[in-house]
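Residue numbering restarts at 1 for every chain, and letters A, B, ... go by the order of the sequence lines.
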Amino acid sequence: MRTLTHVVAGQPCTINFPERHADLIAFETFLARGDKVIAVDTETTGLDVYTPRHRLRLVQFGTSTEAWVLRADLFAPAIMRALRQPRSLLVHNAAYDLLVLNRHLGVTIEEIGPRTFDTRILAHLLDPRTESEGGIGLGLKPLSAVYVDPEAPDTQNGLTAVFRGLGLTKATGWAGIPIDHETYVRYAGLDVIYAHRLFGEIGPMVRDIGLDHLSKFEHHLQTLLAILQRRGMRLDVPYVQRLKGELITEAEQFAAVAARYGVANVNSTAQVAEALLAMGEQLHEHTPSGAPKVDKNVLLPLADLTLQWERIESRTPNPLADAVVRSKRAQKWAESYAQAFLDLKDADDRLHPFIGGLQARTARMSVSRPPLQQLPSGDWTIRRAFIADPGQAIIAADYQAVEMRVLAALSGDETMIKAIADGVDLHSFTAERVFGPDFTKQHRKIAKAVGFGKVYGGGAATITRQTGADLESVKSALAAYDATFPGIKRYSRRLMNRAEYGRKEVVTPSGRHLPLDRDRLYAATNYVVQSTSRDLLAQAIVDLFDAGLGEHLLLPVHDELIAQAPRDEAAEVIREIGRVMESNFYGVRIASDPEVYGPSWGHGYGASA
DNA sequence: TTTCGCAGCCAC
DNA sequence: AAACGTGGCTGCGAAA
């Protein structure tokens, strides 16, 4: 047994590192003490839990003064027994550890999820802001520094310094550092001690502000999302390999065209800008640092293309601009999607994207490694890579204009609530009220942009840029919109006034406190709408599991759920899922649109083979 | 050599 | 008076 000592917040703590089986007797004694709550953490070789190369190295247990760091290669049975004892577990960012323990030790999410407390969830409820947003942050280190001990070492960054001394990098260090390296063991042990103390500090705070109920909900949701992640989605590997090859060829062909105009690297914005200027093009827009902007909003018009890639016929296309946008798109799709899919798949050709259930400031969920919430939707080719399990079909149900409906409900605007109840197209309705009965397609487009502008907090200038309409008609459309839906303007003003003179935050119907930046109080409306829309989807996921439909779910995508079901039941299952998703929110119907896609996700976007 | 901020692009 | 919100990820090019 190796024993390390460390002072945490002025108190001496011990970190025990058993080296042989005889050392476990003391560990059993520690467990037999019967602490109600024990902190747990894992150290692994990397973040990609389901790739064949992923390994579990250490599992740590601890209280506020004592940690046990156990090697998974030597002591797996003891670790499993400890995890299965009937007591509460305390984990910082349990979304990750639940999956690790399930995959490597077979201790399932269902076994330990329901009795796990996650300090990251508690911290997010207290303040969801990251460090860069002016908050404490959601990592164990910044939270410990604030709530436990200002001297808390940064165990993650501290180790990267150690990695360098060993000739390792950030990428190779977690797998390569010797498993008994003193700093590695020490920091592994400190993490559970800090997590335990952090829980002791912020657990009561969450209770005091009346968020116990929301906390319970978020813990339950996280467990369900972990089950979705464990399930994963099936990848059509031959299709992805073929697609990747085609995309790379396309990227190379257009890169060769760009090279003829002096651009050796299409991803170098500096090279592209210089070459375009040399060709006599004007570049009026600039980036925050002052460089000429050459993004696709600039390049597509130079190539005589709309933002939807249709020919405008208003000028001679600039061949360089055309080649650059085409090469970059093909390369982005090849790398960010096709290649990422192949890198992250498990041994059974399934992808298990990480679902962050409580991610954004607004609690919106995120999906990463790979980013399945942001696959191209204007074209089916990338989504076609995901296929249903044998005998099943991909199905999906999305909320219809959920953010507009939430805004209508929260603001209580009678005109909009009635329009929704009557089932009319909201943007056409707005266009008619703003521009009269003879409104055009362009008028509807402006009305739609104004509606989104209200949700996002966008102003006349932004809407002008988006729609190409002139500033004056956009301004009058905004004024007419306010006159048509006075409740929405009133509601936004109320949120801002409260923040102006009271706490710089907005509180959602679920009781979530969302901090506002003092120079961006106008974001209040967006925050409460976005957050509430997320809460509705989260509630739907919980309800679907309660209704026995959880086994069908595959992925949440902000306002929709992707699922699968046996082919001959698919239509019925998705209708049922859609029904469970629907609700009445302050008198406004939150409606869903169920759809059977077919053999792949891409079949919902026009794929046929 | 590795890390990191910027620019850009994908989604809702 | 006006104010475009939330994420993930890749490549470049300079800093460390």
Side-chain angles (χ1 to χ4, degrees), chain A residues 128-130 132-133 157 160-161 163-164 167-173 251 264-273 285-300 307 324-325 327-329 331-337 339-340 343-344 353-356 359-379 382-383 398-399 401-403 407 449-450 452-466 475 478 492 496 514 516-517 519-531 533-534 537 555-560:
Chain A
R129 293 173 301 175
T130 62
S132 61
E133 290 173 326
N157 288 335
T160 58
F163 294 162
R164 194 161 309 140
L168 300 165
T169 67
K170 238 181 164 171
T172 60
N265 188 337
V266 293
N267 286 308
S268 167
T269 50
Q271 285 180 29
V272 171
E285 292 189 71
H286 293 85
T287 69
S289 67
K293 233 179 191 315
V294 283
D295 64 14
K296 71 175 188 176
N297 289 333
V298 172
L299 296 185
L300 283 172
L307 298 183
V324 167
V325 285
S327 178
K328 282 179 74 171
R329 181 169 78 161
Q331 195 182 318
K332 157 110 184 157
W333 287 19
E335 287 303 321
S336 293
Y337 305 124
Q339 185 60 53
D343 288 343
L344 292 166
F354 183 84
I355 305 171
Q359 193 63 27
R361 184 188 307 207
T362 57
R364 246 191 179 198
M365 302 177 207
S366 74
V367 174
S368 58
R369 285 177 275 123
L372 295 197
Q373 287 193 140
Q374 54 235 62
L375 305 185
S377 60
D379 178 309
I382 300 294
R383 290 178 195 242
D398 69 330
Y399 283 128
V402 62
E403 292 188 329
L407 180 56
V450 169
F452 279 118
K454 290 292 166 186
V455 173
Y456 288 146
T462 307
I463 295 167
T464 303
R465 195 160 4 98
Q466 278 172 353
K475 276 183 173 168
L478 276 165
S492 294
M496 278 181 67
L514 307 177
L516 296 167
D517 303 331
D519 56 339
R520 287 167 58 243
L521 296 184
Y522 63 84
T525 307
N526 175 256
Y527 283 6
V528 70
V529 168
Q530 187 182 107
S531 191
S533 300
R534 174 275 185 195
L537 190 72
L555 198 71
V557 189
H558 299 310
D559 64 351
E560 75 175 318

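Across all strands, A/Tyr337 comes closer than 4.0 Å only to sugar-phosphate atoms, never to a base (heavy-atom distances). Within 4.0 Å of A/Arg465, counting heavy atoms only, lies no atom of the nucleic acid at all. No engagement by A/Arg534 is indicated, since no non-hydrogen atom pair under 4.0 Å with the nucleic acid exists. Among the heavy atoms of the strands, none lies under 4.0 Å from A/Asp519. A/Ser336 comes within 4.0 angstrom of the backbone, heavy atoms only, and of no base. Contacts of A/Ala270 with the nucleic acid, taken as non-hydrogen atoms under 4.0 Å apart, are absent. No engagement by A/Leu521 is indicated, since no non-hydrogen atom pair under 4.0 Å with the nucleic acid exists. Counting any heavy atom pair closer than 4.0 Å across all strands shown, A/Gln331 reaches sugar-phosphate atoms only and no base atom. Within the nucleic acid shown, A/Val367 comes within 4.0 Å of sugar-phosphate atoms alone, with no base atom in reach, counting heavy atoms only. Contacts of A/Ala340 with the nucleic acid, taken as non-hydrogen atoms under 4.0 Å apart, are absent. Note on A/Val529: nothing from the nucleic acid sits closer than 4.0 angstrom, heavy atoms only. Counting non-hydrogen atoms under 4.0 angstrom, A/Gly457 reaches the backbone sugars and phosphates but no base. Among the atoms of the strands shown, base atoms are found under 4.0 Å from some heavy atom of A/Gln530. Among the protein residues, A/Gln339 comes within range of no part of the nucleic acid, since none of its heavy atoms lies under 4.0 Å from any strand.
Residues A/Ser366 and A/Ser368 bring no donor and acceptor atom of their side chains to less than 3.5 Å of each other.
Between the CG atom in A/Leu375 and the CH2 atom in A/Trp333 there is a gap of 10.0 Å [rounded to 0.5 Å]. From A/Gln359, atom CD reaches atom OG1 of A/Thr130 across 10.0 Å, with rounding to the nearest 0.5 Å. Here A/Leu537 contributes atom CG and A/Arg364 contributes atom CZ; the two are 10.0 Å apart, rounded to the nearest 0.5 Å. Expressed to the nearest 0.5 Å, how far NE2 of A/His558 lies from CD of A/Gln374 amounts to 7.0 Å. With rounding to the nearest 0.5 Å, the separation of OH in A/Tyr527 from CZ in A/Arg520 is 4.0 Å.
Between A/Ile355 and A/Pro556, the closest side-chain pair of non-hydrogen atoms falls below 4.5 Å. You'll find the side chain of A/Glu285 reaches within 4.5 Å of the side chain of A/Val298, heavy atoms only. Counting heavy atoms from C-beta outward, A/Arg383 and A/Ser377 have side chains that approach closer than 4.5 Å.
Between A/Glu133 and A/Thr269, the residue anchored closer to the 5' end of DNA chain C is A/Glu133, taking for each the nucleotide with the nearest heavy atom. Nearer to the 5' terminus of DNA chain C, by closest-nucleotide assignment, is the contact made by A/Arg364 (compared with the other of A/Ser368 and A/Arg364).
B/dC12 and C/dC4 are spaced 22 Å apart, taking the P atom of each and rounding to whole Å.
Chain A approaches DNA chain C within less than 4.0 angstrom (heavy atoms of the protein), and the contacting nucleotides run 5' to 3' from C/dA3 to C/dG13. Along DNA chain B, read 5' to 3', the first and last nucleotides having any atom under 4.0 Å from a heavy atom of chain A are B/dT2 to B/dC12.
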Query - Chi angles and distances behind the salt bridge (charged side-chain N to carboxylate O under 4.0 Å, His left out) call for A/Arg329, A/Asp379 - result: CA-CA 12 Å; A/Arg329 181 169 78 161; A/Asp379 178 309; 5.6 Å; no

